[in-house]
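Accompanying notes for the structure given below.
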Amino acid sequence: MNTPALLAAHGLCFSRDDDRVFGPLEFHVDTGEALLVQGDNGAGKTTLLRVLAGLLRPSAGRVEIDGRAASTAERARFVAYLGHLPAMKPDLDALQNLHFLCGLHGRRARQMPGNALAVVGLAGHEDTLVRHLSAGQKRRLALARMWLSPAPLWLLDEPYANLDLEGINLVNRMISAHLRGGGAALVTTHGAYAAPPVRTRQLQLALPQAAA
Ligand SMILES: Nc1ncnc2c1ncn2[C@@H]1O[C@H](COP(=O)(O)OP(=O)(O)OP(=O)(O)O)[C@@H](O)[C@H]1O
């Protein structure tokens with residue numbers, strides 16, 4: 001018998017006020033794989049990730065985890081979401097933010113907030129307030145949160161944004177390590193300017209007028 005995909009979408013659609021944003025989509029991603037979600041500005045990449053994270057309800061279709069429909073609560077435990085905004089408390093320092101988030105969502109075995117800061121190149125910034133971090137440093141802190149998350153599926157919305165070359169390589173190393181550890185990742189990107197060197201599937205989203 002075939003093992004079910006870690007995550008699968010069947011006939012997945014999202015509309016706002018009867019205007020189709022995307023779909024129907026059919027795709028899946030297995031353990032050890034990345035799915036690259038590509039498309040122009042406004043094609044619906046962020047919306048798709050928010051639907052998969054359980055933050056938006058699909059208009060039609062279903063999302064399965066390990067071959068079965070999952071509740072919103074199960075979905076929340078299953079995914080870690082890196083959005084455009086850092087989702088950090090600006091008046092707490094970097095380390096306090098990570099401790100706070102680990103308290104809320106749990107953490108990966110054998111990983112500690114201090115180590116995660118070192119992994120993303122923020123050693124020495126433990127007590128820097130988040131509002132004093134640069135855009136790229138905030139992105140790195142958000143990546144440290146992903147690194148600590150126990151969730152098997154990473155949803156990464158433009159993870160390369162605001163990062164220098166070393167930061168882009170860091171994202172790719174982190175994705176590779178996460179996949180080697182039995183995870184999977186969905187990665188949105190406008191084009192192929194950067195992609196992780198792992199087994200990848202592709203999903204192309206088109207703007208509604210281009211799709212018609
Ligand atoms: N909160 C919202 N309310 C209404 N429309 C929205 C909202 N968020 C996004 N949209 C619209 O939904 C469509 C898809 O947006 P989305 O952010 O998913 O695209 P994207 O592919 O991630 O774009 P980008 O590459 O610019 O980040 C766009 O037409 C956008 O204007």
Side-chain angles (χ1 to χ4, degrees), residues 6-29 33-65 70 72 75-76 78-88 90 120 130 133-143 145-146 149 151 153-165 167-172 174-175 178 183-196 198 200-212:
L6 193 70
L7 176 107
H10 299 291
L12 195 66
C13 298
F14 184 83
S15 302
R16 269 192 195 92
D17 303 327
D18 294 334
D19 288 334
R20 182 65 56 90
V21 176
F22 63 71
L25 299 178
E26 292 284 329
F27 63 85
H28 71 272
V29 60
E33 285 182 343
L35 179 74
L36 290 188
V37 183
Q38 296 184 300
D40 296 336
N41 292 133
K45 303 180 296 296
T46 295
T47 306
L48 172 62
L49 262 54
R50 291 176 63 80
V51 167
L52 295 175
L55 300 170
L56 292 173
R57 188 184 294 272
S59 316
R62 65 186 196 281
V63 177
E64 292 178 352
I65 291 171
T72 306
R75 197 99 64 83
F78 186 77
V79 305
Y81 176 54
L82 178 81
H84 286 291
L85 298 173
M88 297 283 170
V120 300
V130 163
L133 293 175
S134 72
Q137 288 169 333
K138 284 186 183 127
R139 198 70 175 162
R140 285 169 183 261
L141 183 57
L143 287 166
R145 179 178 64 80
M146 301 297 290
S149 167
L153 180 67
W154 284 3
L155 302 177
L156 305 174
D157 201 357
E158 298 290 342
Y160 306 107
N162 290 322
L163 292 176
D164 53 26
L165 189 55
I168 290 171
N169 290 334
L170 167 71
V171 170
N172 285 341
M174 289 177 69
I175 294 173
H178 179 61
L186 265 78
V187 183
T188 72
T189 157
H190 294 111
Y193 72 93
V198 296
T200 48
R201 295 178 184 275
Q202 311 270 343
L203 176 67
Q204 186 73 40
L205 296 186
L207 290 165
Q209 63 270 28

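Just follow the structure's listing: the first ligand is 1, and inside any ligand the first atom is 1. As the structure is a prediction and not an experimental result, all values here were calculated from the model. All values below were derived from every heavy atom in this structure, side-chain atoms included, with hydrogens, water molecules and symmetry-related copies excluded.
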Can you check whether a protein heavy atom sits less than 4.0 angstrom from atom 24 (P) of ligand 1?
->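 Within 4.0 Å: yes, protein heavy atom nearby.
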Return a yes/no value: protein heavy atom under 4.0 Å from atom 30 (C) of ligand 1?
-> no
Does an N or O anywhere in Ala43 fall below 3.5 Å from an N or O of ligand 1?
-> yes
Using distance alone, determine whether Glu158 and ligand 1 share an N or O pair under 3.5 Å.
->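 Not met; the criterion fails.
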Residue Asp40 vicinity, atoms of ligand 1 by number, heavy atom under 4.0 Å = 21 (O)
Taking all non-hydrogen atoms of both residues into account, name the closest pair between [X] and [Y] and its distance.
X: Leu48; Y: Leu25; result: CD1-CD1, 4.0 Å
X: Glu158; Y: Thr188; result: N-OG1, 2.8 Å
X: Ser15; Y: Arg20; result: OG-NE, 3.3 Å
X: Leu163; Y: Gly136; result: CD2-O, 3.8 Å
X: Ala184; Y: Leu6; result: CB-CD2, 3.4 Å
X: Val21; Y: Arg16; result: CG2-NH1, 3.7 Å

Any Lys/Arg nitrogen of Asp164 or Arg139 sitting under 4.0 Å from an Asp/Glu carboxylate oxygen of the other?
-> no
Students should be able to answer this: which protein heavy-atom is nearest to [atom], and at what distance?
atom: atom 12 (O) of ligand 1; result: Arg16 NH1, 3.0 Å
atom: atom 27 (O) of ligand 1; result: His84 NE2, 3.8 Å
atom: atom 13 (C) of ligand 1; result: Gly42 O, 3.7 Å
atom: atom 19 (O) of ligand 1; result: Gly44 N, 3.3 Å
atom: atom 17 (O) of ligand 1; result: Thr46 CB, 3.6 Å
atom: atom 26 (O) of ligand 1; result: Asn41 ND2, 3.0 Å
atom: atom 18 (O) of ligand 1; result: Thr47 OG1, 2.5 Å

Leu155 CG to Thr46 OG1 distance, which is reported to the nearest 0.5 Å = 11.0 Å
